[in-house]
Amino acid sequence: MKRSTVIIVIFCALGLGVFYLGKAKDDANKDEERGPLVFAIRDIKVGSLVTADCVEERILPFSKMPDHTFCRVSEIIGGKPIYGIEKGQILSQYDFLPPERVLDGSRAPRFIDP
């Protein structure tokens, strides 16, 4: 066999190996566990009341979920953000007052005027 033929065969074998490894990784991602995450479906101004028509739940793989986010719409309904929230943004607990700072005893985060 010529030297160039051997090199071509080796590159083809390596290419097929990389292809199958990538395909196996994609198949593994399809089986990955998924969970809900709350997104804003319209802009929410600072201090305005969060209603059901402002947010929605979407299902994402756990590996793509950031920490400290809301997983259920019911956790955030009635809350008032301390920062502006843009359409499509993931709702974070940092956008609202922490529950220990809420004075009225409810579970939903509330904006409290100083």
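Proximity of Pro66 to Leu37: side-chain heavy atoms (C-beta onward) are separated by under 4.5 Å at one or more points. Looking only at side-chain heavy atoms (C-beta outward), Val50 and Phe96 come within less than 4.5 Å of each other.
Heavy atoms only, all atoms of each residue included: Glu57 and Val73 are closest at OE2-N, 3.0 Å. Between Pro81 and Lys45, the shortest heavy-atom distance links the atoms CG-O, 3.5 Å. Closest of all the heavy-atom pairs between Met65 and Pro36 is CE-O, 3.4 Å. Summarising the geometry of Ala40 relative to Ile85, their closest heavy-atom pair is CB-CG2, 3.7 Å, with the distance given to 0.1 Å.
Ile77 is not connected to Phe39 by any chain of hydrophobic side-chain contacts under 4.5 Å among Ile, Leu, Val, Met, Phe, Trp and Tyr, and they are in different clusters. Under a hydrophobic clustering in which Ile, Leu, Val, Met, Phe, Trp and Tyr are joined whenever their side-chain heavy atoms come within less than 4.5 Å, directly or via other members, Leu60 and Leu91 fall into different clusters. Hydrophobic clustering (ILVMFWY, side-chain heavy atoms < 4.5 Å, transitive): Ile90 and Ile76 are in distinct clusters.
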Task: Derivation of the side chain to side chain contact (heavy atoms under 4.5 Å, CB included) call for Ile44 and Gln89 - done: CA-CA 10 Å; Ile44 305 170; Gln89 181 177 330; over 6 Å; no

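With side-chain heavy atoms closer than 4.5 Å counting as contact, directly or through intermediates, Ile59 stands alone and belongs to no larger hydrophobic cluster.
No donor-acceptor distance shorter than 3.5 angstrom exists from the side chain of Gln93 to the backbone of His68, with no hydrogens or angles considered.
Residue pairs meeting the salt bridge (charged side-chain N to carboxylate O under 4.0 Å, His left out) criterion with at least one partner in residues 58-69, sequence neighbours excluded, are Glu56-Arg58.
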